[in-house]
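Residue numbers start at 1 and run along the sequence shown.
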Amino acid sequence: MAFLKFNKSELVNLSYSLKREIIQANTDGSYTNTSIVGCNTRRYHGLLAVPIEALGGARHMLLSSIDESLVLNTRQFNLGIHCYGDTYEPRGHKYIIDFESDPVPTITFKIGETVFTKTFFLVQDKSQFLIKYTLVKSPAKASLLLKPFLSFRSVHSLTQENSVANLAPTPIQNGMAWCLYEGFPTLNLQLNTSKAKFNESGNWYKGVTYSDEARRGFPSTEDLWVPGSFEVPIAEGESIIVSASIEEEKTTGLSRKFSSLRSAMRPIGGAHDSLVWWARALKNDRYGHKRITAGLSWLYTGLLRETLLTLPGLTLYATGDNAEFQEILDNLIADEQERLFHRTTQTEAPLLLAGVLQDYVDFGASAKAVWKKYGATVKGIIESYAPGQRKEIAMQPDGLLWGQMDGVALTWMNAYVNGRPVTERPGYQVEVNAHWYDTLCYAIEMEEAYGPKNNEFVAKWSPIRDLVKANFQPKFWNRQYRCLADYVDGWGQHMEIRPNQLAAISTHHPVVDEETAIEIVKVINKELVTRRGVRTLSPRDANYKCLYEGSQIDRDLAYHQGCTRPALLAPYIAVCLKMQGAAFVSKAEWLIKGFTEDMSKHGIGAVAEVYDADPPHEPHGAIVSATSIAALLTIDRLLDIYKK
């Protein structure tokens with residue numbers, strides 16, 4: 001039985017099924033995303049979104065959907081579904097009796113005694129989407145009608161009827177091709193049979209509505225070009241393969257290609273297998289330059305902070321691939337020279353590199369070899385925080401880092417409302433300085449072990465490391481709250497209870513003493529930990545927002561003001577396991593169990609970026625989050641270690 005499965009009663013209930021999304025991604029940067037009944041509810045939904053180099057490498061949706069209809073004897077049954085305002089038409093979901101994904105989705109339709117299936121997937125190394133239609137059982141004479149809905153627009157925008165589009169189709173082998181606008185690739189739709197006939201009857205289908213966008217107050221309607229339909233006879237037991245690709249295919253090999261690619265996909269036996277599946281899918285290898293995509297379907301690829309946070313989880317802990325770890329890291333360093341050494345609006349991001357390298361060594365890499373290869377980069381990052389090197393942040397006489405640019409959020413808490421940061425946090429930020437200390441300790445230890453004698457770097461930075469150690473706890477510790485300040489500015493300590501203080505105790509070199517660490521964990525336990533991650537703000541705070549819903553402003557206000565982050569469970573659980581050992585394993589398992597349950601909603605098989613801060617903790621944000629996936633893989637590894 002498939003790991004992910006839905007029955008007829010769930011599928012025909014649109015309030016249930018429209019909230020559950022199929023999403024697939026490949027190493028080429030393309031993706032497929034729609035609901036489990038095939039009704040698109042977001043502007044990001046569609047069957048084939050591809051990156052286009054001529055348009056800056058951004059993803060663009062070429063094929064929004066394909067509506068299927070079965071003609072049984074002379075009666076036509078429409079299996080598609082679209083929303084127009086408040087109306088769904090056609091309502092093909094009423095014929096669906098089964099959906100399963102293992103990991104390839106298969107939808108089963110039943111019309112009287114006729115049984116029909118649709119199996120589909122994205123090819124893993126090219127911009128191609130394949131569908132296999134099978135008439136499992138039919139007492140009636142049958143033919144299949146396929147009606148493509150074309151969009152040709154950015155995944156972030158919507159399109160309307162216009163006079164600029166080139167609507168003329170080009171005949172190709174067993175199919176048709178379209179390129180609606182200059183600069184776009186050609187979309188080739190082909191079938192594996194020469195019996196298919198294309199009936200050209202083009203129309204703009206106006207007012208296609210995306211309910212999720214409407215609910216959030218965004219523009220939510222667009223016009224899609226439907227150029228006509230393919231008609232092909234289909235006999236009982238016969239299968240038809242359809243290819244949607246930016247390259248023309250040799251159609252004689254489509255059936256063999258579908259079967260070969262499908263058989264190569266390993267079945268998903270449980271939650272861990274699903275996490276590993278997504279760890280692979282989130283690694284983009286376009287043009288041989290491997291990078292990590294922060295999340296699907298709208299987050300970006302190759303981001304500094306997100307790559308460093310997820311790299312060990314998505315490579316080492318998912319597949320044990322050391323070579324892939326280094327390849328992605330090398331590409332990141334080459335791509336991010338400006339942010340690593342000169343300027344960034346996420347001031348902690350360059351400092352995360354030291355933790356990643358220490359994770360790599362803990363996984364079994366040679367400390368000497370790692371330092372030989374990456375030591376100069378780490379030392380260069382440290383030097384860049386010296387006074388006068390960066391405009392956004394600089395080391396102060398007390399050794400700590402002060403980050404401030406008026407009107408700019410300089411940490412990972414970087415949501416904006418009306419051009420102003422929701423959580424600006426200017427001054428000494430607790431997590432930035434915790435990572436600063438960890439980086440200094442690591443670099444000095446490595447230089448002492450593997451650097452030259454009479455080491456100038458060690459002589460220069462050892463006193464500063466000691467200053468940071470001496471000044472950090474007095475600067476951030478608050479006796480009344482029994483925890484660390486979130487940040488300290490010219491007005492003093494800001495005591496919003498946030499998870500940023502976790503960094504002071506979860507890095508490889510904790511910057512506070514054990515007694516203080518215990519007190520911090522007590523506060524985090526009481527105020528922030530939930531079964532769907534760690535809250536970004538205490539519920540007792542006046543700015544706390546428990547739901548990630550409503551307008552863009554409402555959601556931006558909640559993004560770092562309450563929403564839980566599954567990613568934050570990894571450092572929290574790591575700290576608790578270090579403190580309590582195997583005694584904490586059962587609680588850790590309880591904390592992550594809910595994510596397995598949630599793999600049947602939102603992005604099925606995946607884990608979301610954020611959750612509502614209060615029960616029932618509904619998932620939101622990016623449907624597939626690299627930070628969430630990596631965190632759960634990290635926790636799986638930690639639990640394996642402590643169970644031994």
Side-chain angles (χ1 to χ4, degrees), residues 4 19-26 29 31-33 42 44-45 49 59 103 155 212 271-284 291-315 317-318 328 346 349 352 412-415 499 530-536 548-549 555-556 558-560 562-573 591-613 617-636:
L4 295 163
K19 294 179 181 178
R20 278 131 180 103
E21 301 182 37
I22 304 161
I23 185 162
Q24 300 176 359
N26 68 12
Y31 77 78
T32 293
N33 187 195
R42 303 177 188 264
Y44 300 101
H45 280 179
R59 293 186 183 94
V155 297
D212 274 5
H272 183 80
D273 287 350
S274 194
L275 294 174
V276 172
W277 166 270
W278 279 111
R280 292 192 180 99
L282 286 164
K283 286 170 284 198
N284 183 308
R291 300 179 297 165
I292 287 173
T293 298
L296 297 167
S297 50
W298 54 82
L299 297 183
Y300 294 98
T301 298
L303 300 177
L304 176 61
R305 178 181 177 274
E306 285 73 8
T307 299
L308 290 174
L309 283 175
T310 61
L311 184 55
L314 299 184
T315 57
Y317 311 149
I328 295 173
Q346 292 189 350
L352 299 175
W412 73 280
M413 291 188 160
N414 59 353
T530 78
R531 288 203 68 196
R532 294 300 187 278
V534 180
R535 292 187 179 107
T536 45
Y548 188 76
E549 278 289 3
R555 287 179 291 124
D556 285 338
Y559 198 50
H560 300 112
C563 282
T564 77
R565 303 281 172 144
L568 293 170
L569 275 178
Y572 167 75
I573 288 175
L591 284 171
I592 64 171
K593 182 180 178 181
F595 295 107
T596 301
E597 301 165 4
D598 284 348
M599 284 182 176
S600 63
K601 60 184 179 181
H602 209 40
I604 63 168
V607 183
E609 177 190 10
V610 297
Y611 283 75
D612 288 335
H617 301 297
E618 289 299 310
H620 298 283
I623 305 158
V624 182
S625 167
T627 55
S628 297
I629 300 291
L632 292 175
L633 285 166
T634 301
I635 293 166
D636 280 355

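- Using the six-membered ring where Trp is involved, Y611 and F595 have ring planes that are perpendicular, over 60° apart on the 30 and 60° scheme.
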**OP:** Kindly indicate, with the supporting measurements, whether the criterion side-chain contact (heavy atoms from CB on, under 4.5 Å) is fulfilled by T32 and N26.
**Re:** CA-CA 9 Å; T32 293; N26 68 12; over 6 Å; no

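- Formation of a donor-acceptor pair under 3.5 Å by the S274 side chain with backbone atoms of G605 is found in this model.
- In this structure, the side chains of H602 and I623 come closer than 4.5 Å at one or more pairs of heavy atoms.
- In this structure, the side chains of I573 and T634 stay at 4.5 Å or more apart for every pair of heavy atoms.
- With hydrogens and angles ignored, the 3.5 Å screen pairs a side-chain donor or acceptor of R535 with a backbone N or O of A613.
- In this pair, H560 and W412 present their aromatic rings perpendicular. The plane angle is above 60°, beyond the 30 to 60° band.
- When all heavy atoms are compared, the tightest approach of R59 to S297 is NH1-O, 4.3 Å.
- Contact between A279 and A318 at its shortest, heavy atoms only, is CB-CB, 3.7 Å.
- Interatomic distance, CG of L275 versus CG of L633, reported as 4.5 Å (0.5 Å rounding).
- In terms of the side chain to side chain donor-acceptor pair (under 3.5 Å) criterion, residue partners of Y559 (sequence neighbours excluded) are, by chain and number, E609.
- Looking only at side-chain heavy atoms (C-beta outward), E21 and L296 stay at 4.5 Å or farther from each other.
- Between the side chain of R20 and the backbone N or O of S600 there is at least one donor-acceptor pair closer than 3.5 Å.
- For the atom pair L304 CG and I292 CD1, the distance stands at 11.5 Å (nearest 0.5 Å).
- Taking each heavy atom of C563 and V610 in turn, the nearest pair found is CB-CB, 4.3 Å.
- Here the straight-line distance linking atom OG1 of T310 with atom CD1 of I328 works out to 8.0 Å at 0.5 Å rounding.
- Atom CE of M599 sits about 6.5 Å away from atom CG of L632, to the nearest 0.5 Å.
- When all heavy atoms of P566 and A608 are compared, the pair lying nearest together is CG-O, 3.8 Å.
- Closest heavy-atom contact between V155 and A49: CG1-CB, 3.9 Å.
- Taken to the nearest 0.5 Å, the OG1 atom of T530 stands 7.0 Å off from the CG atom of L569.
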**OP:** For side-chain contact (heavy atoms from CB on, under 4.5 Å), just list the numbers for L352 and R305, CA-CA rounded to whole Å, side-chain angles, deciding distance to a tenth of an Å, and then say yes or no.
**Re:** CA-CA 7 Å; L352 299 175; R305 178 181 177 274; 3.9 Å; yes

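- A distance of 4.0 Å separates CZ in R532 from CG in D598, rounded to the nearest 0.5 Å.
- K283 contributes a side-chain N or O that, together with a main-chain N or O of L314, makes up a donor-acceptor pair within less than 3.5 Å.
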**OP:** Start with the C-alpha gap between W278 and I23, add the side-chain angles, then the distance that decides, and say whether side-chain contact (heavy atoms from CB on, under 4.5 Å) holds.
**Re:** CA-CA 10 Å; W278 279 111; I23 185 162; 3.7 Å; yes

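- Applying the 6.0 Å contact sphere to NZ of K19 captures no more than 12 heavy atoms from other residues, nucleotides or ligands.
- The two residues T293 and T301 come nearest to each other via the heavy atoms OG1-OG1, 2.7 Å.
- Side chain of T536 to backbone of G562: a donor-acceptor contact under 3.5 angstrom is found.
- Judged purely by atom type and a 3.5 angstrom limit, N33 has no side-chain atom pairing as donor or acceptor with the backbone of Q24.
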